[in-house]
Engineer: 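This structure is in structure tokens; I'll ask about it shortly.
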Protein chains: 2
Amino acid sequence: MQKSAKSLEVAGKKEQLKSFLKEGGLKSTRQRDIIATEFLNNKGHVTAEELYRIINRKHKDIGFTTVYRTLKLLTRSGLAAERVFSDNLTRYESFSSEDHHDHLICLNCGSITEFKNEKLEKLQEKIADDFSFHPMTHKMEIYGYCMECNKQTSKHGEQT
Amino acid sequence: MQKSAKSLEVAGKKEQLKSFLKEGGLKSTRQRDIIATEFLNNKGHVTAEELYRIINRKHKDIGFTTVYRTLKLLTRSGLAAERVFSDNLTRYESFSSEDHHDHLICLNCGSITEFKNEKLEKLQEKIADDFSFHPMTHKMEIYGYCMECNKQTSKHGEQT
DNA sequence: AAGGAAATTGAAATTCATTTTCAATATCAT
DNA sequence: ATGATATTGAAAATGAATTTCAATTTCCTT
Ligand SMILES: [Zn+2]
Ligand SMILES: [Zn+2]
Ligand SMILES: [Zn+2]
Ligand SMILES: [Zn+2]
């Protein structure tokens with residue numbers, strides 16, 4: 001991806017945040033701008049704490065609470081999504097409502113890989129249907145060992 | 001299922017627990033016996049707190065901590081499994097290593113329904129394979145509205 | 001460009017589930 | 001029965017998530 005394309009995407013999202021704030025009678029602040037920028041440029045699935053540490057390196061005056069609250073705001077505005085994996089920490093990922101995906105999580109190095117699978121989406125419908133259940137969303141997490149970690153270790157244990 | 005069949009199953013599991021305890025140099029106690037019995041006869045996905053409340057009705061002398069610790073023990077022995085759904089509470093379900101399953105969770109009433117789907121299991125392998133990922137286990141949770149709750153409400157919102 | 005109502009900030013306090021500590025008690029191999 | 005060791009339960013500690021509150025900032029109105 002070109003540098004300008006990415007920048008444009010981030011700029012668009014920041015506009016979206018501004019609209020969201022204005023609509024709700026909320027205010028745009030220096031802190032929110034910095035936090036949103038840092039978050040949107042970061043690819044991963046970060047905890048509030050992690051993002052705070054990253055921001056704190058450059059901005060000693062921005063507190064953890066504000067980072068936490070801004071992530072909640074981003075979530076409410078539809079720009080971020082909260083995710084909780086098996087370590088039970090709340091992580092945030094940059095998100096647009098159109099891009100649902102699921103995750104592969106490495107039990108060794110903790111790396112999180114995203115995937116999207118049409119068959120899986122269809123299967124959710126089918127399974128729910130069998131129970132006359134009306135599905136709204138789902139969570140599919142595959143835990144195991146990533147390619148990198150597989151190279152290093154040769155054998156692994158059993159299933160849950 | 002017949003009453004005696006269920007009883008036998010529970011009895012078998014209690015034997016399994018005893019073996020586990022003996023092997024580890026741990027002791028069988030009145031409390032552990034009561035807690036295991038109550039847990040194994042309970043079908044649901046209970047939190048430590050919920051199980052404690054159930055037990056506390058009949059056994060005022062058994063503390064929360066012991067219930068909590070016994071659930072951990074049951075988990076280590078392979079008779080229970082810990083589950084965390086979107087309310088972020090740790091729940092325990094009676095479990096045998098052979099019966100992997102996934103869950104349908106109602107956003108309205110909180111009911112938890114189990115399902116097992118072969119296609120889903122196969123699909124996990126396929127997806128992991130695409131990423132040269134070595135899968136050990138997975139978690140599939142479908143959130144939506146159960147049949148009962150669908151009867152009452154007619155319309156529901158969007159997706160994640 | 002002030003003025004001022006209303007929102008935001010950051011440190012500290014609180015919440016709440018979970019986990020650990022510790023002194024008293026129970027288990028069980030000998 | 002004895003004694004070494006594990007267990008128990010109340011209370012304390014932990015730690016992430018959330019709330020409180022006084023000081024500050026934003027931004028609408030004049
Ligand atoms: Zn890895
Ligand atoms: Zn993701
Ligand atoms: Zn329901
Ligand atoms: Zn289950």
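Here is how names work: the chains are called A, B, and so on, in the same order as the sequence lines, proteins then strands, and each is numbered from 1.
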Engineer: In whole angstrom, give the distance that lies between atom OH of Y68(A) and atom C1' of dT14(C).
Structural biologist: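 From Y68(A) OH to dT14(C) C1': 13 Å.
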
Engineer: Between the side chains of K43(A) and S94(A), does any donor sit under 3.5 Å from an acceptor?
Structural biologist: no

Engineer: Under 4.0 Å between a side-chain nitrogen and a carboxylate oxygen: does that hold for E82(B) and K72(B)?
Structural biologist: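 Between K72(B) and E82(B) there is a salt bridge, with a charged N closer than 4.0 Å to a carboxylate O.
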
Engineer: Side chain to side chain contact (heavy atoms under 4.5 Å, CB included) for R83(A) and E93(A)? Distances and angles first, verdict last.
Structural biologist: CA-CA 8 Å; R83(A) 301 285 188 187; E93(A) 61 171 340; 2.4 Å; yes

Engineer: Measure the acute angle between the ring planes of F115(B) and F131(A), then classify it against the limits of 30° and 60° as parallel, tilted or perpendicular.
Structural biologist: tilted

Engineer: Of all of residues 42-52 of chain B, which get a heavy atom below 4.0 angstrom from DNA chain C, listed by number?
Structural biologist: none

Engineer: Restricting to side chain to side chain contact (heavy atoms under 4.5 Å, CB included), what partner residues turn up for L89(A), sequence neighbours left out?
Structural biologist: T47(A), D87(A), R91(A)

Engineer: Base, sugar-phosphate or nothing for K22(B)? Non-hydrogen atoms, less than 4.0 Å.
Structural biologist: nothing

Engineer: Going 5' to 3' through nucleotides 3-9 of chain C, assign each nucleotide B (protein heavy atom under 4.0 Å from a base atom), S (under 4.0 Å only from sugar-phosphate atoms) or - (no protein heavy atom that close).
Structural biologist: ---BSSB

Engineer: Please tell me whether H45(A) and E50(A) have a donor and an acceptor in their side chains that are separated by less than 3.5 angstrom.
Structural biologist: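 Looking only at side-chain atoms, E50(A) and H45(A) do not form any donor-acceptor pair under 3.5 Å.
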
Engineer: Residues two or more places apart in sequence or in another chain: which of them pass side chain to side chain contact (heavy atoms under 4.5 Å, CB included) with E118(B)?
Structural biologist: E121(B), K122(B)

Engineer: With sequence neighbours left out, which residue pairs that include part of residues 71-90 of chain A fulfil the ring-ring contact (aromatic ring centres under 6.0 Å, His included) condition?
Structural biologist: F85(A)-H103(A)

Engineer: I need the minimum non-hydrogen distance between I62(A) and Y52(A), along with the two atoms involved.
Structural biologist: O-CE1, 3.3 Å

Engineer: First and last nucleotide of DNA chain D in contact with chain A, 5' to 3', at under 4.0 Å to a heavy atom: what are they?
Structural biologist: dA16(D) to dC27(D)

Engineer: Determine whether L51(A) and L71(A) make a side-chain contact, defined as any pair of heavy atoms from C-beta on separated by less than 4.5 Å.
Structural biologist: yes

